[in-house]
Amino acid sequence: MAASASSAINLSIKPSHTPLSWKTHLSSTSALAVSPLSGHRQYPRFVIYAVGDKPTVLVAEKLGEAGVNLLKEFADVDCSYNLTPEELCNKISLCDALIVRSGTKVSREVFESSGGRLKVVGRAGVGIDNVDLAAATEHGCLVVNAPTANTVAAAEHGIALLTAMARNVAQADASVKAGKWLRNKYVGVSLVGKTLAVMGFGKVGSEVARRAKGLGMHVIAHDPYAPADRARAIGVELVSFDKAISSADFISLHMPLTPATNKVLNDETFSKMKKGVRIVNVARGGVIDEDALVRALDAGIVAQVALDVFTVEPPKDSKLVQHENVTATPHLGASTMEAQEGVAIEIAEAVVGALNGELAATAVNAPMVPAEVLSELKPFVALAEKLGRLAVQLVAGGSGVKSVKVTYGSARGPDDLDTRLLRAMITKGLIEPISSSFVNLVNADFTAKQRGLSIAELRSLLNGSPESPLEFIQVQISSVESKFASALSDSGEIRVEGRVKDGIPHLTKVGSFEVDVSLEGSIILCRQVDQPGMIGKVGSILSEGNVNVSFMSVGRVAPRKHAVMAIGVDDQPSKEILKRIGEIPAVEEFVYLKI
């Protein structure tokens with residue numbers, strides 16, 4: 001039985017300051033460094049260093065001089081460029097830290113070859129596609145990046161491509177150098193008064209918007225996490241994805257490459273755009289289906305494209321690059337002298353701090369968790385992340401997520417349950433599906449604050465045995481619209497609640513409706529008129545689409561009234577199957593959610 005509302009208390013979560021390594025002096029000349037042994041997290045690995053010895057940092061790709069000098073003040077620096085994978089594996093066992101850009105693959109073999117000595121990998125830039133994060137975490141190695149120093153450079157390059165494309169600068173330059181003078185062929189278009197859709201309103205996207213406003217453009221943006229007040233402050237309107245692409249004269253891409261954004265510009269989305277739209281991409285190549293883009297160019301749907309990034313770099317035998325209406329640059333977004341020095345300093349500071357035992361705000365992988373804590377919280381950790389993922393997918397496009405409330409139902413006292421890991425996993429679930437951020441116990445609060453996301457934690461004190469750390473977790477998102485109206489509570493927030501049953505996370509409440517479905521695979525939520533045969537109708541449609549149903553649960557307000565059916569599925573239904581479910585007369589609304 002839950003306590004009264006006054007029993008709920010605010011939790012003040014303080015960040016951990018646990019160092020990455022611990023040193024205990026053995027004598028006046030030696031020290032003991034402790035780091036995890038790969039594959040056996042419960043046992044420490046001991047390596048002896050002489051006090052006064054500097055750590056060794058391997059810089060595997062060219063780094064700005066200022067960053068190298070900063071490293072040399074603290075460590076022995078080995079600048080060895082263009083290493084083969086075999087050469088890198090041979091060197092790495094002698095190094096405490098490794099710094100790379102995008103050209104060096106830091107694979108599982110690299111971490112295994114380090115013999116446990118490698119403590120930090122620094123990525124001089126934003127993307128970490130070239131680092132095996134799972135292997136890094138397994139081997140107790142922290143991965144840090146430098147996400148801020150190249151913001152202005154990338155924004156400036158986006159504007160440069162925008163203007164060059166609009167005025168056919170690259171094509172006209174090539175024509176003149178070929179001895180031609182084709183003034184009539186290269187008549188451009190003006191930017192003043194045109195609508196620019198900025199897809200992704202983070203650091204780079206917002207800087208592009210500022211500059212485009214200065215050029216007299218009308219700027220709209222789509223980003224599920226962008227605070228509306230921040231957008232309004234620079235005169236930008238936040239809109240849904242479909243409205244952004246359908247009303248824009250120019251589209252500038254600044255979204256991360258995630259499963260949700262992979263090939264997000266495809267035949268279907270191109271068909272929704274204005275005829276003659278122009279597109280700039282200085283983000284990630286994979287967000288565009290390049291074959292579909294060629295078709296859209298040939299059909300005249302897309303008039304021109306300016307690309308700095310490609311699905312495969314460098315592109316080879318690419319019809320897209322060779323298209324006469326495409327302007328291409330070789331991933332130059334961060335390539336200014338100032339940005340290169342800034343990135344070098346930022347990553348050097350992060351690596352030095354990590355080697356000193358500080359937990360960097362730009363850490364992108366999870367720290368080691370004590371085995372006993374992880375063992376007890378493991379099923380609730382999975383529940384926390386999945387509830388976050390479900391909740392954010394229920395938010396309608398154009399709604400900025402700013403305020404989240406998490407309630408923990410527990411019979412334990414405040415001092416007997418540390419919820420930092422749970423909150424980090426909820427934050428992870430809320431942010432990762434639609435961003436390139438990697439959220440963990442180290443950077444959860446930093447990442448949430450950076451995105452203007454406020455997470456309040458409450459505890460509902462329950463009567464009962466404190467043997468289990470938690471009875472339920474509830475996640476509520478306020479001040480947003482929902483794709484599934486039935487997910488709204490009586491007070492208007494998106495609300496999902498879950499419990500752990502037999503070690504497996506279950507969804508037990510959606511809005512005001514009680515359900516019970518295992519959080520495995522994915523989920524279809526249907527609001528329907530409660531009447532006989534509904535389960536059979538939906539099940540038959542899914543069966544015809546070869547979609548396996550793992551769980552099915554129905555929660556209703558009263559017999560023959562409204563009900564919510566929660567269906568766990570192992571496979572992703574096709575659009576046709578989902579359309580058929582929506583066409584059942586008694587189905588009032590439905591939504592498909594990936595877990």
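The basis for the numbers below is simple: all heavy atoms, side chains too, and nothing from hydrogens, waters or symmetry mates. This chain uses plain numbering: 1 for the first residue, then up along the sequence.
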**Student:** Looking at V187, is its backbone amide N or carbonyl O close enough to the side chain of N184 to form a donor-acceptor pair, meaning the two atoms are under 3.5 Å apart?
**Tutor:** no

**Student:** Out of the candidates L332, V169, T329, only one should pair with L161 under the side chain to side chain contact (heavy atoms under 4.5 Å, CB included) rule; please name it.
**Tutor:**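 When side chain to side chain contact (heavy atoms under 4.5 Å, CB included) is applied between L161 and each of L332, V169, T329, only T329 qualifies.
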
**Student:** What pair of heavy atoms forms the shortest contact from V236 to A209, and how long is it?
**Tutor:** CG2-CB, 4.0 Å

**Student:** Rounded at 0.5 Å granularity, tell me how far CG in D267 sits from CD1 in I301.
**Tutor:** 8.5 Å

**Student:** Sub-3.5 Å donor-acceptor pair from the side chain of Q476 to the main-chain atoms of E493, do we have one?
**Tutor:**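 Such a contact is absent between Q476 side chain and E493 backbone.
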
**Student:** Taking the side chain as every heavy atom from C-beta outward, state whether L507 and V515 have any pair of such atoms under 4.5 Å apart.
**Tutor:** yes

**Student:** Take L320 and L307 through the side chain to side chain contact (heavy atoms under 4.5 Å, CB included) test and state the conclusion after the steps.
**Tutor:** CA-CA 10 Å; L320 180 61; L307 302 172; 3.5 Å; yes

**Student:** Would you check if the side chain of H222 reaches a backbone N or O of V239 as a donor-acceptor pair within less than 3.5 Å?
**Tutor:** yes

**Student:** Which residue pairs pass the side-chain hydrogen bond (donor to acceptor under 3.5 Å, both in side chains) test when at least one of the two sits in residues 257-266, sequence neighbours left out?
**Tutor:**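 Qualifying pairs, neighbours excluded: T258-T261, N266-T269.
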
**Student:** Is a side-chain donor or acceptor of E61 paired with a backbone partner of T104 at a separation under 3.5 angstrom?
**Tutor:** yes

**Student:** Could you please spell out the steps behind the salt bridge (Lys or Arg N to Asp or Glu O under 4.0 Å) verdict for E432 and R389?
**Tutor:** CA-CA 8 Å; E432 282 193 358; R389 286 182 177 271; 3.8 Å; yes

**Student:** Does anything in residues 186-213 form a salt bridge (charged side-chain N to carboxylate O under 4.0 Å, His left out)? List the pairs, not counting sequence neighbours.
**Tutor:**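 Pairs touching residues 186-213 that pass the test: E207-R210, E207-R211.
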
**Student:** Looking at residues at least two apart in the chain, or sitting in another chain, which of them share a side chain to side chain donor-acceptor pair (under 3.5 Å) with D298?
**Tutor:**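 Checked D298 against side chain to side chain donor-acceptor pair (under 3.5 Å); matches are H323.
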
**Student:** To check you understand the geometry: which heavy-atom pair defines the closest contact between V287 and P256, and what is its length?
**Tutor:**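 Shortest heavy-atom contact: CG1-O, 3.8 Å.
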
**Student:** Does the side chain of L215 reach to within under 4.5 Å of the side chain of T163, using non-hydrogen atoms?
**Tutor:** yes

**Student:** Within a strict 4.5 Å, meaning less than it, do heavy atoms of the L488 and I494 side chains meet?
**Tutor:**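 Heavy-atom side-chain distance check passes, below 4.5 Å.
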
**Student:** May I have the step-by-step check of side chain to side chain contact (heavy atoms under 4.5 Å, CB included) for M217 and L162, ending in yes or no?
**Tutor:** CA-CA 12 Å; M217 302 189 79; L162 181 75; 3.9 Å; yes

**Student:** Can you name the nearest heavy-atom pair linking R123 to S102, along with the distance?
**Tutor:**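 It is NH2-CB, 3.5 Å.
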
**Student:** Which distance, rounded to the nearest 0.5 Å, do you find between the OG of S190 and the CZ of R167?
**Tutor:**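 S190 OG to R167 CZ: 8.0 Å, rounded to 0.5 Å.
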
**Student:** Rounded to the nearest 0.5 Å, what separates atom CZ in R495 from atom OG in S478?
**Tutor:** 13.0 Å

**Student:** Taking salt bridge (charged side-chain N to carboxylate O under 4.0 Å, His left out) as the cut-off, I'd like each qualifying pair that reaches into residues 303-317, sequence neighbours left out, listed once.
**Tutor:** none

**Student:** Write down the atom of V554, the atom of A563, and the distance for their closest heavy-atom approach.
**Tutor:**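 V554 and A563 have their closest heavy atoms at CG1-CB, 3.8 Å.
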
**Student:** Just to verify, what does Q304 make a side chain to side chain donor-acceptor pair (under 3.5 Å) with, not counting sequence neighbours?
**Tutor:** N168, R278

**Student:** Tell me every residue that passes side chain to side chain donor-acceptor pair (under 3.5 Å) with S107, counting only those two or more places apart in sequence or in another chain.
**Tutor:**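 Residues passing side chain to side chain donor-acceptor pair (under 3.5 Å) with S107: E109.
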
**Student:** Who are the ring pair (Phe, Tyr, Trp, His ring centres under 6.0 Å) partners of H157, not counting sequence neighbours?
**Tutor:**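 Applying ring pair (Phe, Tyr, Trp, His ring centres under 6.0 Å) to H157 gives none.
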
**Student:** Whether the side chain of D223 engages the backbone of F201 through a donor-acceptor N/O pair (distance < 3.5 Å, no angle test) should be reported.
**Tutor:** yes

**Student:** May I ask you to check whether S247 and T195 show a side-chain donor-acceptor distance below 3.5 Å?
**Tutor:**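 No, because no side-chain N or O of S247 sits under 3.5 Å from a partner of the opposite role on T195.
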
**Student:** Go through the structure and list residues passing side chain to side chain donor-acceptor pair (under 3.5 Å) with Q528, not counting sequence neighbours.
**Tutor:** none

**Student:** Which heavy atom in F270 sits nearest to a heavy atom in V302, and how many Å separate them?
**Tutor:**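 Here F270 and V302 meet closest at CD2-CG2, 4.0 Å.
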
**Student:** Side-chain contact test, heavy atoms from C-beta onward, threshold under 4.5 Å: evaluate it for S550 versus E520 and give yes or no.
**Tutor:**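 Of all side-chain heavy-atom pairs linking E520 with S550, none is under 4.5 Å.
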
**Student:** Consider side chain to side chain contact (heavy atoms under 4.5 Å, CB included). Of I524, V517, I535, which one does M565 pass it with?
**Tutor:**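 When I524, V517, I535 are each tested with M565, the side chain to side chain contact (heavy atoms under 4.5 Å, CB included) holds only for I535.
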
**Student:** With a 4.0 Å cut-off, would you call R295 and D291 a salt bridge?
**Tutor:**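 Answer for the salt bridge query: no.
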
**Student:** Take S175 and Y186 through the test side chain to side chain contact (heavy atoms under 4.5 Å, CB included) and record every step on the way to the result.
**Tutor:** CA-CA 10 Å; S175 174; Y186 296 117; 3.7 Å; yes

**Student:** Going by atom type alone, with no hydrogens or angles, which donor-acceptor pairs under 3.5 Å involve a side-chain atom of residues 568-575 and a protein atom two or more places apart or on another chain?
**Tutor:**
| unit_1 | atom_1 | unit_2 | atom_2 | d |
| --- | --- | --- | --- | --- |
| D570 | OD2 | N548 | ND2 | 2.7 |
| D571 | OD2 | N548 | N | 2.9 |
| S574 | OG | I577 | N | 3.2 |
| K575 | NZ | E268 | OE1 | 2.4 |

**Student:** For residues 587-595, please give each side-chain donor-acceptor pair under 3.5 Å, one per line with the distance, not counting sequence neighbours.
**Tutor:**
| unit_1 | atom_1 | unit_2 | atom_2 | d |
| --- | --- | --- | --- | --- |
| E588 | OE1 | R527 | NE | 2.9 |
| E588 | OE1 | H562 | ND1 | 3.2 |
| E588 | OE2 | H562 | ND1 | 3.4 |
| E589 | OE1 | A485 | N | 2.9 |
| E589 | OE2 | A485 | N | 3.2 |
| E589 | OE2 | S486 | N | 2.9 |
| E589 | OE2 | S486 | OG | 2.7 |
| Y592 | OH | S522 | OG | 3.4 |

**Student:** Considering non-hydrogen atoms only, spot the tightest contact between A328 and V321 and give its length.
**Tutor:** CB-CG1, 4.4 Å

**Student:** Tell me the salt bridge (charged side-chain N to carboxylate O under 4.0 Å, His left out) pairs involving residues 236-248, sequence neighbours left out?
**Tutor:**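 Residue pairs passing salt bridge (charged side-chain N to carboxylate O under 4.0 Å, His left out), neighbours aside: E237-K243, D242-K272.
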
**Student:** Say you draw a straight line from CD1 of I473 to CZ of R423; how long is it, rounded to the nearest 0.5 Å?
**Tutor:**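 The CZ atom of R423 is 13.5 Å from CD1 of I473, to the nearest 0.5 Å.
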
**Student:** First locate atom OG of S512, then atom CG of D490, and finally report the distance between them rounded to the nearest 0.5 Å.
**Tutor:**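 Interatomic distance, S512 OG to D490 CG, rounded to 0.5 Å: 4.0 Å.
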
**Student:** Evaluate V381 against E385 for side chain to side chain contact (heavy atoms under 4.5 Å, CB included), listing each step before the verdict.
**Tutor:** CA-CA 6 Å; V381 166; E385 180 179 356; 5.9 Å; no

**Student:** Please identify each residue that fulfils salt bridge (charged side-chain N to carboxylate O under 4.0 Å, His left out) with D516, with sequence neighbours left out.
**Tutor:**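 K501.
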
**Student:** With a 4.5 Å cut-off on side-chain heavy atoms, are P147 and E346 touching?
**Tutor:** yes

**Student:** Is there a side-chain contact between M165 and F250, using heavy atoms and a 4.5 Å cut-off?
**Tutor:**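 They are in side-chain contact.
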
**Student:** With the side chain counted from C-beta on, respond yes when L390 and L519 share a heavy-atom pair under 4.5 Å apart, and no when they do not.
**Tutor:**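 Contact flag for L390/L519 side chains = yes.
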
**Student:** Less than 4.0 Å between a side-chain N and a carboxylate O, is that true for E576 and R580?
**Tutor:**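 E576 and R580: not salt-bridged.
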
**Student:** Should I245 and V277 count as side-chain neighbours, where that means a heavy-atom distance under 4.5 Å?
**Tutor:**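 Answer no - side chains too far apart.
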
**Student:** Between atom NZ of K537 and atom CG of L542, what is the distance when rounded to the nearest 0.5 Å?
**Tutor:** 14.5 Å

